[in-house]
Amino acid sequence: MDTPPSTAPESARHPIAVVAARTGLSPDVLRVWERRYAAVTPTRAPDGQRFYSDEDVERLRAMRAVSEAGRAIGQVAPLSTEDLQQLMREDAAARAEAPDITTDSRVEDAVSKALVHARALDAPKVEAVLRRAAALLGTAVFLEQVTVSLLHRIGEEWHAGRLTIPQEHLASSVVHALVMGVMRDVAPAGDAPRVVVATPAGERHAIGAALAGAAAAAQGWRVIFLGADLPAADIAACATDVDAHLVALSVVYVENRADVLAELRALRSMLPARIGMIAGGAGAKALRAELEKLGVIVGTGLAEFAGAPR
């Protein structure tokens, strides 16, 4: 088996920020691929800074492409650059020969296959189906249609008794991991506007926030993802500290309407006027009238980030 090429010092001229911009991989992902999979071996300056060669950049581009087509990164990392590029050509040829079917049918096919593998408790196959859908349909369709449709189906199947709790948890965890990967892998521009993404206190379902963060990252935002169940004071402090342009919240369930509104009202009052607020999810829609009076944008979909104030 070919091993990844070593990088000669004289050929290594790209710092990690440049490599991130050219490959679309975040610096964190680059470091993980280097440390865990020996994907490339950058040289180190005396101060520890990494420098990559043109060959490293091409290899990393190829690794990203073949992994997005549905292959696990651990499976492709040991391959030579030439083998990775051959896989890229084969994938491109397969896409060109694929039958001309609609996006809707591709989405439904991916969702149905993912559910089949979830019932078999086969997480790698669920992941492979979803990675292939992302590669074929693009990030926007993957986030807006595939993952949202799959999560709705998972909920419906669980409530109908056709998915067990382990099956539901497995499928949801795979979706969450992939969405978080999208958020991490996108390398925003240095001057990208910042958005803090979280769920308010009492809201423990993080997948909606993860989808919002991934959508924002795909549309050029620098995302500070805080996760679920944060008090208003902590969210406001973070947004102020990082000089955020926007705070995005996911509100799925509203068990106590007064408590949720009090938390969101407190957050809006703690934020400087220059920092906008957007809320999405079924719970936010149920509170639309009250939230809009507070000056909170109530999103109807992930595409709301494209028109959010920057």
Side-chain angles (χ1 to χ4, degrees), residues 139-140 143-145 147-148 151-152 155 176 179-180 182-184 186 188-310:
T139 300
L143 293 173
E144 184 76 36
Q145 298 186 39
T147 59
V148 172
L151 290 169
H152 285 164
H176 187 269
V179 170
M180 291 296 293
V182 171
M183 193 190 316
R184 290 191 302 266
V186 176
D191 60 349
R194 287 167 291 282
V195 56
V196 170
V197 180
T199 78
E203 176 61 73
R204 297 179 177 84
H205 296 82
I207 186 64
L211 281 166
Q219 293 169 16
W221 292 80
R222 183 177 297 279
V223 178
I224 297 90
F225 183 76
L226 304 183
D229 194 16
L230 270 81
D234 292 336
I235 298 173
C238 175
T240 303
D241 288 345
V242 302
D243 192 24
H245 294 65
L246 184 68
V247 169
L249 302 173
S250 173
V251 184
V252 179
Y253 296 109
V254 178
E255 294 182 2
N256 186 308
R257 191 181 189 93
D259 286 351
V260 175
L261 281 172
E263 193 70 17
L264 297 180
R265 186 177 294 110
L267 175 56
R268 180 62 273 180
S269 69
M270 294 175 189
L271 289 172
R274 59 182 172 76
I275 300 179
M277 272 183 66
I278 184 170
K285 293 176 185 176
L287 301 173
R288 178 185 296 275
E290 294 95 329
L291 292 179
E292 289 181 345
K293 289 179 181 177
L294 297 175
V296 178
I297 300 170
V298 178
T300 57
L302 299 178
E304 289 289 327
F305 281 100
R310 302 195 182 203

Quick one: closest heavy-atom pair of [X] and [Y], and the distance?
X: Ala228; Y: Ala206; answer: CB-CB, 4.0 Å
X: Glu292; Y: Val298; answer: CG-CG2, 4.1 Å
X: Ala236; Y: Leu271; answer: CA-CD2, 3.8 Å
X: Leu249; Y: Met277; answer: CD1-CE, 3.8 Å
X: Tyr253; Y: Glu203; answer: N-OE1, 3.0 Å
X: Met180; Y: Ala210; answer: SD-CB, 3.9 Å

Query raised in the report: Are the charged groups of Arg274 and Asp243 less than 4.0 angstrom apart, N to O?
Result: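 Counted as a salt bridge, because a side-chain N and a carboxylate O are separated by less than 4.0 Å.
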Query raised in the report: Under the side chain to side chain contact (heavy atoms under 4.5 Å, CB included) criterion, do Glu290 and Leu294 qualify, and how do the steps go?
Result: CA-CA 7 Å; Glu290 294 95 329; Leu294 297 175; 5.9 Å; no
Report task. Under the side chain to side chain contact (heavy atoms under 4.5 Å, CB included) rule, what do Val260 and Val251 come out as? Steps first, then yes or no, please. Result -> CA-CA 9 Å; Val260 175; Val251 184; 4.2 Å; yes
Could you give the distance from [atom1] ([X]) to [atom2] ([Y]), rounded to the nearest 0.5 Å?
X: Arg265; Y: Lys293; atom1: CZ; atom2: NZ; value: 10.0 Å
X: Ile275; Y: Arg194; atom1: CD1; atom2: CZ; value: 10.0 Å
X: Ile235; Y: Thr240; atom1: CD1; atom2: OG1; value: 11.5 Å
X: Asn256; Y: Glu263; atom1: CG; atom2: CD; value: 11.5 Å
X: Ile207; Y: Leu151; atom1: CD1; atom2: CG; value: 5.5 Å

Query raised in the report: Hey, does the side chain of Arg268 reach the backbone of Leu291 with a donor-acceptor pair shorter than 3.5 angstrom?
Result: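 Checked: no pair found.
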Query raised in the report: Do the side chain of Thr199 and the main chain of Asp229 share a donor and acceptor less than 3.5 angstrom apart?
Result: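 Yes, Thr199 side chain to Asp229 backbone: donor-acceptor pair under 3.5 Å.
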Query raised in the report: Taking C-beta and beyond as the side chain, do Val182 and Thr139 meet within less than 4.5 Å on heavy atoms?
Result: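 Heavy-atom side-chain distance check passes, below 4.5 Å.
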Query - Side-chain heavy atoms of Leu226 within contact of Cys238, under 4.5 Å - result: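 Side-chain contact under 4.5 Å: yes.
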Query - Working for side chain to side chain contact (heavy atoms under 4.5 Å, CB included), residues Ile297 and Leu246 - result: CA-CA 11 Å; Ile297 300 170; Leu246 184 68; 5.5 Å; no
Query raised in the report: side chain to side chain contact (heavy atoms under 4.5 Å, CB included) between Phe225 and Arg184: does it pass, once the steps are laid out?
Result: CA-CA 10 Å; Phe225 183 76; Arg184 290 191 302 266; over 6 Å; no
